Amino acid sequence: MPAAETSASNGRQRTEIARRGVMLVLSSPSGAGKGTLSRLVLDTDRGIDLSVSVTTRQRRPSEVNGVHYHFISIPEFESLRDRNGLLEWAEVHGNYYGTPLAPVERAIAAGRDVLFDIDWQGAAQLIDRMPDDVVTVFILPPSMTELRQRLQRRAEDATDVIEKRLKNSPREISEWKRFDYVIVNDDLDGAFADVTAILRAERLKRARRTGIPAFVETLLG
Ligand code: 5GP
């Protein structure tokens with residue numbers, strides 16, 4: 001993309017300034033609604049793509065390989081990790097999860113935003129590795145009762161899996177201080193509006209708008 005060009009959205013012309021993509025990390029304990037929020041963002045915003053993680057966990061009935069995750073074996077995971085193919089990785093609830101490196105690097109450099117649905121351990125690694133690109137959001141449930149009910153309503157995991165996730169949730173919630181933004185998901189529309197506002201503001205950050213110097217130079221003739 002050139003340093004600046006005009007584009008029309010909602011019938012309005014806007015000057016688009018070249019920029020690096022935002023790495024938007026959404027983390028939460030299981031059942032806080034992060035999956036639903038992620039889907040809403042991805043379905044409504046054409047500028048952002050999901051980072052499709054690799055995982056060694058069993059595929060849920062509703063999940064599609066290559067869309068929600070790349071489902072791989074433990075040896076495949078270890079080989080990818082040991083070849084430095086992962087930007088971050090962690091063991092979560094007894095399974096391995098990791099973010100493939102190459103698609104993220106390509107997207108960010110091209111000015112595409114990337115959404116990461118990863119746990120706090122992954123968020124911490126991304127903050128370490130790419131501090132200028134990463135924006136982290138932690139989603140809290142309104143109550144522990146609601147968290148349990150959401151996990152049970154989802155009905156895609158076995159009872160022992162749900163119990164393990166609930167048992168791990170206080171530990172996960174205690175990591176909230178690592179994050180740039182914290183949202184209480186007591187109302188889906190409200191929480192979605194919050195995420196959208198964060199993304200919109202972060203897209204305007206001077207540091208990632210690499211086209212501003214050239215734009216200003218042209219502006220001043
Ligand atoms: P689930 O099994 O419910 O899809 O995910 C379990 C947890 O693992 C969630 O907190 C999810 O955000 C996290 N997770 C998913 N993919 C990754 C990944 O690539 N890296 C890390 N660190 N966590 C992940």
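Since the model is a prediction, treat every value here as computed from it, not as a measurement. Just so it is clear, the values below take in all heavy atoms, side chains as well, and ignore hydrogens, waters and symmetry mates. Read the numbers this way: they start at 1 and go in the same order the structure lists the ligands and their atoms.
Regarding atom 17 (C) of ligand 1, its nearest protein heavy-atom neighbour is Tyr97 CB, 3.4 Å. When hydrogens are left out, the protein atom nearest atom 7 (C) of ligand 1 is Val92 CG1, 3.7 Å; that is the closest non-hydrogen contact. Among protein heavy atoms, the minimum distance from atom 13 (C) of ligand 1 is reached at Asp119 N, 3.7 Å. In terms of protein heavy-atom proximity, atom 16 (N) of ligand 1 is nearest to Ser53 OG, 3.2 Å.
A continuous path of ILVMFWY side-chain contacts below 4.5 Å connects Val41 to Val22, so both sit in one hydrophobic cluster. Both Ile173 and Val182 sit in one connected hydrophobic cluster of ILVMFWY residues. Membership requires side-chain heavy atoms under 4.5 Å apart, directly or through other members.
Listed by number with element, the atoms of ligand 1 under 4.0 Å from a non-hydrogen atom of Lys34 are 9 (C), 10 (O), 11 (C), 12 (O). Residue-ligand proximity, Arg57 to ligand 1, at heavy-atom distances under 4.0 Å covers atoms 1 (P), 2 (O), 4 (O). Each of the atoms 19 (O) of ligand 1 lies under 4.0 Å from some heavy atom of Thr99. Which parts of ligand 1 touch Gly122 is read off a 4.0 Å heavy-atom cut-off, strictly below it: atoms 22 (N). Listed by number with element, the atoms of ligand 1 under 4.0 Å from a non-hydrogen atom of Ala90 are 22 (N). Shown in contact with Arg60 at under 4.0 Å from a heavy atom are these atoms of ligand 1, numbered in order with element: 1 (P), 2 (O), 3 (O), 4 (O).
For the side-chain contact (heavy atoms from CB on, under 4.5 Å) with Leu115, the lone residue among Leu37, Val195, Leu50 that qualifies is Leu50.
Counting heavy atoms closer than 4.0 Å to ligand 1, residue Tyr69 contributes side-chain atoms (C-beta onward) but none from N, CA, C or O. Contact annotation for Gln121 and ligand 1: no heavy atom of the residue comes within less than 4.0 Å of the ligand. Of all the heavy atoms of Asp117, the ones lying under 4.0 Å from any atom of ligand 1 are found in both the backbone and the side chain.
Salt bridge annotation for Arg153-Glu146: present, with a cationic side-chain nitrogen under 4.0 angstrom from a carboxylate oxygen. Between Arg60 and Asp157, at least one side-chain nitrogen of the basic residue sits less than 4.0 Å from a carboxylate oxygen of the acidic one, meeting the salt-bridge criterion. Taking 4.0 Å as the cut-off between side-chain N and carboxylate O, Arg148 and Glu163 count as a salt-bridged pair. Salt-bridge annotation for Arg203 and Asp113: present, with a side-chain N of the basic residue lying under 4.0 Å from a carboxylate O of the acidic one.
Side chains of Glu202 and Tyr181: a donor on one and an acceptor on the other come within 3.5 Å.
The two residues Ser27 and Trp120 come nearest to each other via the heavy atoms OG-N, 4.1 Å.
The closest non-hydrogen atom to atom 3 (O) of ligand 1, taken over His93, Arg165, His70, comes from Arg165.
At least one side-chain heavy atom of Val54 sits under 4.5 Å from a side-chain heavy atom of Leu86.
Using a 4.0 Å heavy-atom cutoff, Glu172 is absent from the residues neighbouring ligand 1. Heavy-atom separations between Glu88 and ligand 1 include at least one value shorter than 4.0 Å.
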